[in-house]
Chemist: 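Input: one structure, supplied below.
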Protein chains: 2
Amino acid sequence: MDKNGKVTIIDVARKAGVSKGTVDRVVHNRGEVSRKSAEKVRKAIEELQYRPNLYASVLATRKAHMIACLLPIFSKGEFWEKMHAGFLRGGESVSTLNVVTQVFLFDQYDPDSFHAAVAEMLASEPSGVILQPLFKNETLELAVRLRELGIPYVYVDTKLEDPGYFAYYGMPKYKSGRLCARMLTERLDPEEVRDVTVVRITRDKSRRSDPTMERRSGFNDFMDEHFPECRIHQVFIDPNKPESIPDTLDAFAADHPDMKMVVMFNSRIHLIADWLKAHPVKGRRVIGFDNMEKNLEAVRSDIVSILIAEHVEDQTFKAVHALSDYILMHKSIPMRDNYMHMDILTKYNLEYY
Amino acid sequence: MDKNGKVTIIDVARKAGVSKGTVDRVVHNRGEVSRKSAEKVRKAIEELQYRPNLYASVLATRKAHMIACLLPIFSKGEFWEKMHAGFLRGGESVSTLNVVTQVFLFDQYDPDSFHAAVAEMLASEPSGVILQPLFKNETLELAVRLRELGIPYVYVDTKLEDPGYFAYYGMPKYKSGRLCARMLTERLDPEEVRDVTVVRITRDKSRRSDPTMERRSGFNDFMDEHFPECRIHQVFIDPNKPESIPDTLDAFAADHPDMKMVVMFNSRIHLIADWLKAHPVKGRRVIGFDNMEKNLEAVRSDIVSILIAEHVEDQTFKAVHALSDYILMHKSIPMRDNYMHMDILTKYNLEYY
DNA sequence: AAACTTTCCGTGAACGAGCACGGAAATTGC
DNA sequence: GCAATTTCCGTGCTCGTTCACGGAAAGTTT
């Protein structure tokens, strides 16, 4: 024991009657130790409550570990930008631990490019991986592969039904849908809640996972329970053809003149902000998700009433840390599923956000 | 440079044409270096962008640093408990860096006990200190002392007019008062906002700082600007005699039967929850501060409409980290004043908090 | 039982920084 | 100009791990 009462590898070695080399081998179980001495060492570690000194360890390790993050190519102001920022920030803060981070980008509309990114990532032998499962099946395949290779991976924002992930950081999606319904209908009587418009984004349903699905069920369940009479209408817009959005909405509005309640479950409520502004309805309530700058702007100018926001940046940040802790210290995190808290943003609290 | 491209002290020494001992001396400016070589070393450090390796440094340093926190004695459920929790959590997370934390408790109603705690703290030679300035003058004296000793200190929750603090973590108090007024009057017309009751806590004004003062000015300013006709009444209750609270409020209510808007600026709105419950008023709005469990309970049972909450725990946590970074790596934090974000809690979003 | 394998384990040189020690160089005193 | 200080600086051990190397011990083959 040193003067701070810390137990060192030498203490363990002495206690177990072996050398520090042997202790090191069992700590990192890389074999070449007889069953008998391994047992003695483990016993000594247990009794002395030995924990390797992270700093000595980092210092002595030659190899730098790499944490990879698979991300769709994004442009400024998009949801993914925040994930990316959190990843960078996390990478910075673990860089002193000899852990480096690397992003692998792919085209979110092209599975082949996803495969390419995966191949490139695996080739660079990451020690940990961060995933946001855009392509459901492809991601599941990757998960299997990572498990075979013994590489821990964590889901951020959305998780899949998959037994082997190391951790998950995100908001409770289903609950966020319920919360959305509750905020939308707050202080309203059933007769005031007759029609709700859900604006959705058209996408190729074949391959991609639908991250808004859970949110929609939460929303629908709440509405069923509390406002069973309410009709939920859907409009589909195409984000790739922004110029077509007004027409789509015009057409819809022709049939449903009274759009008093409007909801979007993804991060792009700002796409319809202009149209809403041009077609005001007194007392309309509009709820969207995620604190993208464009969305905040829509709240400030009173087009969107409420945004339900998660802290994506914190999520990836924490994911990086969890992985680095695990890689470096074999430390499992206390919680596998980390549901992080949601913010309700209105124009009243926005300026303090 | 090692294989990871990191610049080491040896690189600097070579470049400056001195030995690593000399470089080390200038890095920690502990003298015994000629002006000439010091200059060469500084230049080399600058050019090579040398940053000492934290881990090698921690490993080599014998001394364990101590971060102290001055806190009033608290009981379960109190505001201070959260500060304490954040401090512990922060302490845990820096303990691997050979940094230990220690709490020094005092009686918040007894300046002598504060002095005793300060003396004890200084005697144990802390490398950094965390303060919540309950006693204003005493804290300012301490601040002077700490500056003389070259010990960095950070304010949490409340800060004083004092040039020398290292950092501050808290919510913008003045703004929080404005926010309170805004939420209280949201969607109301001036004629609906005639009388507001502010419940305050009696205290010895002589020595203690009044942490709610700024909040009150924010509140008052907002009301002046938007509802100049509104009368703001004050009731004073004594937290040390909870049994007297009902009488005090009864007496007040006799003169002001229509208590439709009630506000408290400290964390103890729960003290008047029972009375409010027993004296319901239709459409009453009650706003308090801080997410103490008892306050949350009052929100759940619909007695308190809104709580404005800061993340005290995060504040102390970050304070510990900022200090440890500074102590260990001479790293100044980017922001001296860190205004952290406020949450608006209603019974609608509480369950997701 | 000698010659080979295989298994197992101890040794010692890094890693990068901190700091005590002692001695060289510069300065001062007389 | 020599001794005594003072200033300045290099050397080398240390912190707790990691890991390559090489050799002892045990097991196998002929």
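All chains are named by letter (A, B, ...) in the order of the sequence lines, taking the proteins before the strands, and each is independently numbered beginning at 1.
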Chemist: For a quick check under 3.5 Å, do A:N98 and B:Y55 share a side-chain donor-acceptor pair by atom type?
Modeler: no

Chemist: How would you summarise protein contacts on nucleotides 8-14 of chain D per nucleotide, using B for base, S for sugar-phosphate only and - for none, with heavy-atom distances below 4.0 Å?
Modeler: SBBBBB-

Chemist: Given A:Y155, which of A:Y165, A:F166, A:Y168 fulfils the ring pair (Phe, Tyr, Trp, His ring centres under 6.0 Å) condition?
Modeler: A:Y165

Chemist: Tell me whether the side-chain N/O atoms of A:Y55 come closer than 4.0 Å to OP1 or OP2 in C:dG18.
Modeler: no

Chemist: How long is the line joining CG of B:N29 and P of C:dC19, in whole Å?
Modeler: 13 Å

Chemist: What is the distance, to the nearest angstrom, from the CD1 atom on A:I10 to the P atom on D:dG16?
Modeler: 9 Å

Chemist: Which whole-number value in Å describes the distance from B:L59 CG to C:dA14 P?
Modeler: 17 Å

Chemist: Decide, yes or no, whether a salt bridge links B:R89 with B:D314 under the criterion of side-chain N to carboxylate O below 4.0 Å.
Modeler: yes

Chemist: Is it the case that B:K318 places NZ or CZ above or below the six-membered ring of B:Y169, under 6.0 angstrom from the centre and within 45 degrees of the axis?
Modeler: no

Chemist: How many whole angstroms separate atom CG of A:L97 from atom C1' of D:dT17?
Modeler: 15 Å

Chemist: Minimum heavy-atom separation for A:S93 to A:H321, with atom names?
Modeler: OG-NE2, 2.6 Å

Chemist: Once you round it to whole Å, what is the distance between C1' of D:dG16 and CG of A:N53?
Modeler: 6 Å

Chemist: Can you run through DNA chain D from 5' to 3' and write each base as (, ), [, ], | or . depending on how it pairs? Watson-Crick or G-U wobble, both distances under 3.5 Å.
Modeler: ||||||||||||||||||||||||||||||

Chemist: Ring pair (Phe, Tyr, Trp, His ring centres under 6.0 Å) with B:Y50: which residues, sequence neighbours excluded?
Modeler: none

Chemist: Base, sugar-phosphate alone, or nothing: which one does B:D24 contact when heavy atoms must sit under 4.0 Å apart?
Modeler: base

Chemist: Please state whether the rings of A:H84 and A:F74 are parallel, tilted or perpendicular, taking 30° and 60° as the class boundaries.
Modeler: tilted

Chemist: Given A:V99, which partner from the list A:D325, A:L323, A:V58, A:I67 fulfils the side chain to side chain contact (heavy atoms under 4.5 Å, CB included) test?
Modeler: A:I67

